[in-house]
Protein chains: 2
Amino acid sequence: MKLTEAKNKFIQAWGTLGSEWGINRTMAQIHALLLISPEALSAEDIMEQLSISRGNTNMNLRSLMDWGIVYKELVQGERREFFVAEKDILKVARQITKERRKRELEPVLKLFTELNELEGGSKVEVEEFKKVTGDIKDLTLRVDDLLEKFSKSDENWFYKILVQMMK
Amino acid sequence: MKLTEAKNKFIQAWGTLGSEWGINRTMAQIHALLLISPEALSAEDIMEQLSISRGNTNMNLRSLMDWGIVYKELVQGERREFFVAEKDILKVARQITKERRKRELEPVLKLFTELNELEGGSKVEVEEFKKVTGDIKDLTLRVDDLLEKFSKSDENWFYKILVQMMK
DNA sequence: AAAAAGGTTCAGAAATAATTGAAAGTATGA
DNA sequence: TCATACTTTCAATTATTTCTGAACCTTTTT
């Protein structure tokens with residue numbers, strides 16, 4: 001396989017995976033492009049390589065920076081801005097975990113806490129409701145806790161876990 | 001809070017969470033409705049409660065069954081079909097994990113294995129490409145492994161992990 | 001102070017995904 | 001065998017998400 005072909009396949013696949021997990025395709029593709037680029041790229045470079053508009057590039061780069069997985073890089077004597085992706089994949093995974101936790105899990109958790117205050121414990125319907133939402137809340141808290149630990153973990157986290165799981 | 005209000009909030013929230021994670025809103029809402037219903041519901045019931053069409057209901061119920069988190073229930077002497085959701089939330093989580101692994105992670109893993117066979121190890125670009133895709137592949141394998149274990153795990157998996165992580 | 005070189009914004013256009021509803025399919029039982 | 005009571009399918013419509021590009025900023029250079 002040639003480099004160009006491999007690159008394209010990677011960018012494509014990353015875009016698909018992104019959109020399957022609720023991240024917009026272009027954002028994931030820009031991320032992919034930056035990940036495999038040894039040099040920082042300008043907005044212009046990205047526009048050209050992915051054939052996308054200036055506005056699209058700009059907005060998605062901003063999102064990627066909001067997620068904390070792409071950084072702006074200023075080069076001495078250069079007026080334009082360059083962008084680099086965080087190359088440490090574990091860091092990337094931790095960062096994404098942290099953000100989704102904050103953005104998406106926490107609001108749901110908050111709601112569930114409210115829902116559990118539902119009064120009138122007698123009817124079957126109320127019982128069932130409380131049970132299910134309570135269970136979901138408990139599981140979410142556990143996942144949340146696990147993810148929090150992961151997001152603060154070091155290199156060896158995985159190994160430790162896996163070793164323990166073998167026992 | 002009244003039951004009806006709580007129900008609606010839950011259904012709404014589950015739908016939102018679903019669409020943030022790449023699952024269509026209606027499918028998640030049907031799932032939510034079934035989760036909190038003490039009785040099995042007919043397609044008709046679901047259509048009415050969520051104000052959606054017959055076709056939509058049917059297709060999303062089928063998807064939920066494909067995911068293995070909703071079952072068809074046939075009632076003696078009743079011609080129409082009823083549906084129940086798996087109420088064991090851990091089972092639901094395991095099942096979703098298993099499916100997404102199979103549907104979304106495995107194809108990417110396969111591609112990455114191919115990409116790593118890229119020849120021409122000299123150029124910086126090729127090196128970088130191999131490094132990044134290799135790293136992603138390794139992490140994906142590890143996550144995949146962890147998720148596989150999770151998807152086959154028992155009730156106490158979480159506790160075991162958490163206890164180990166405290167050490 | 002005007003022009004140049006870049007960066008940002010956002011209303012409308014385009015692309016994608018979800019939904020409807022009516023027609024077709026399937027079993028049941030009178 | 002035919003009517004009834006459902007379920008399934010899918011082309012057309014509708015809703016949602018994403019993208020474009022031109023106008024508008026902001027900073028630097030001449």
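Note on naming: letters A, B, ... go to the chains in the order of the sequence lines (proteins, then strands), and numbering restarts at 1 for each one. Heavy-atom basis, side chains included; hydrogens, waters and symmetry copies ignored.
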- Query: Whole-Å distance between D/dC19 P and A/M47 CE?
  - Reply: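 Between P of D/dC19 and CE of A/M47: 14 Å.
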- If we ignore angles and hydrogens, is there a donor and acceptor under 3.5 Å between the side chains of A/D45 and A/S42?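 The criterion, which ignores hydrogens and geometry beyond distance, is satisfied for A/S42 and A/D45.
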- Task: Please say whether more than 12 non-hydrogen atoms of neighbouring residues, nucleotides or ligands are located less than 6.0 Å from CD in A/E78.
- Result: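 Atom CD in A/E78 is packed in, count exceeds 12.
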- Query: Of the options A/K7, A/Q12, A/E5, which is the one that meets A/K9 in a side-chain contact (heavy atoms from CB on, under 4.5 Å)?
  - Reply: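 When side-chain contact (heavy atoms from CB on, under 4.5 Å) is applied between A/K9 and each of A/K7, A/Q12, A/E5, only A/E5 qualifies.
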- Item | Nucleotide D/dT7, atom P - distance to CG of B/D45 in whole Å |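 About 11 Å, once rounded to whole Å.
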- Message: With the threshold set at under 4.0 Å for non-hydrogen atoms, list the residues of residues 51-85 of chain B touching DNA chain D in residue-number order.
- Response: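 Residues of residues 51-85 of chain B under 4.0 Å from DNA chain D: B/R54, B/G55, B/N58, B/M59, B/R62, B/K72, B/R79, B/R80, B/E81.
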- Check the distance between D/dT17's C1' and A/E20's CD and give it to me in whole angstrom.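 In whole Å, D/dT17 C1' and A/E20 CD are 17 Å from each other.
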- Task: Specify whether A/F129 and B/F10 have parallel, tilted or perpendicular ring planes, treating 30° as the upper limit for parallel and 60° as the lower limit for perpendicular.
- Result: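 Rings of A/F129 and B/F10: perpendicular, over 60°.
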- Task: Measure the distance from CD1 on A/I46 to P on D/dC19 and round it to the nearest whole Å.
- Result: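 In whole Å, D/dC19 P and A/I46 CD1 are 14 Å from each other.
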- Message: Could you measure the distance from the CD1 atom of B/I69 to the CD atom of B/E86? Nearest 0.5 Å is fine.
- Response: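 Between B/I69 CD1 and B/E86 CD, I get 9.5 Å after rounding to 0.5 Å.
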- Euclidean distance, atom CG of residue B/N24 to atom P of D/dA15 [Å, nearest integer]: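 Answer to the nearest Å: 16 Å.
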- Item | Parallel, tilted or perpendicular, as decided by the 30° and 60° cut-offs, for the rings of B/W21 and A/W21 |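 Taking B/W21 first and then A/W21, their aromatic rings stand perpendicular (interplane angle over 60°).
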